[in-house]
Amino acid sequence: MLLGIIGAMNEEVIQLKEVMNLLETKEIGGYNFFKGTLLNKEVVLVECGIGKVNAAICSTLLIQEFKVDKVLFTGVAGGLNPEINIGDIVISTDLVEHDFDCTAFGYDYGVIPRMENSTFKADETLVNLAKRVAANNFGSERVFVGTIVSGDTFVASNDKIKWLRDTFKGECTEMEGAAVAHVCYVLGKPFVIIRSISDKANHDANMNFDEFVKLAAQNSKLIIEGMLKEI
Ligand code: ADE
């Protein structure tokens, strides 16, 4: 089995790259795909860049070019649920593109017109594995399993937090997960998105992000490693 692992930023990918046994690097369109083994599992690791389009391009390439069987996403996010603290873990049950807005035509926020589905469900087996590994590493009280919302926005306001909670019941917000999920849904590949909280998406979010991004990325990476041992 070949696993695709995606992170958006260098901070989210470098720690895995450093411990993998790198066999080949292939560059496509400026994205570097690292092929090799990680804890004796065959993987392709890629830093996709920030935002939904970058994430969609890399997910598609992982599946179509590299023929990965499953997709794991590792990274950081802004917490929306007030019970979630910096460093805690969120594992996706499903993902929504929160900035999809065709409400002018009567659709709800997040609904993609003319698609049968706009909420993309993660693979249950991968979710359960991620949840178990995360609870073993961090304690179950620090692990949240639920909806992740994605958009091309760094959220840094209490009004936006309230809107995202009220509209989608999102546990956390980030900028790639729903795009990965959308591609995996269309191409029929199992996936899970694993995020650790770098900030609480409020007025301090940019400062907290800078301070905690490395720690949060490391938390997420630990879960990927734990999962690889059991996949
Ligand atoms: N990734 C980490 N923090 C985030 C935030 N507040 N908004 C969007 N993406 C994020």
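Computed from a prediction, not measured in an experiment: that's the story for all the values here. Atoms within each ligand, like the ligands themselves, are counted from 1 in listed order.
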Discussion item. Closer than 4.0 angstrom, basic N to acidic O: yes or no for E225 and K221?
Written reply: yes
Discussion item. Testing T147, T119, N117 one by one against D94 for a side-chain hydrogen bond (donor to acceptor under 3.5 Å, both in side chains), which residue passes?
Written reply: T147
Discussion item. Would the distance check show the side chain of K121 and the main-chain N or O of A181 forming a donor-acceptor pair, the cut-off being under 3.5 Å?
Written reply: no
Worksheet item: Does any N or O in the side chain of E176 come within less than 3.5 Å of the main-chain N or O of G51, such that one atom is a donor and the other an acceptor?
Response: yes
Discussion item. Looking at F100, I'd like to know if the NZ or CZ of K52 sits under 6.0 Å from its six-membered ring centre while staying within 45 degrees of the ring's axis.
Written reply: no
Fill in: Connected-component partners of V76 among ILVMFWY, side-chain separation under 4.5 Å
M9, I50, F154, M175, F209, V213
Below 3.5 Å only, please: the N or O atoms of ligand 1 paired with protein N or O atoms, distance on each line.
from, atom 1, to, atom 2, distance (Å)
ligand 1, 3 (N), G78, N, 3.2
ligand 1, 3 (N), D199, OD1, 3.4
ligand 1, 3 (N), D199, OD2, 2.6
ligand 1, 6 (N), V155, O, 2.8
ligand 1, 6 (N), D199, OD1, 2.9
ligand 1, 7 (N), V155, N, 2.9

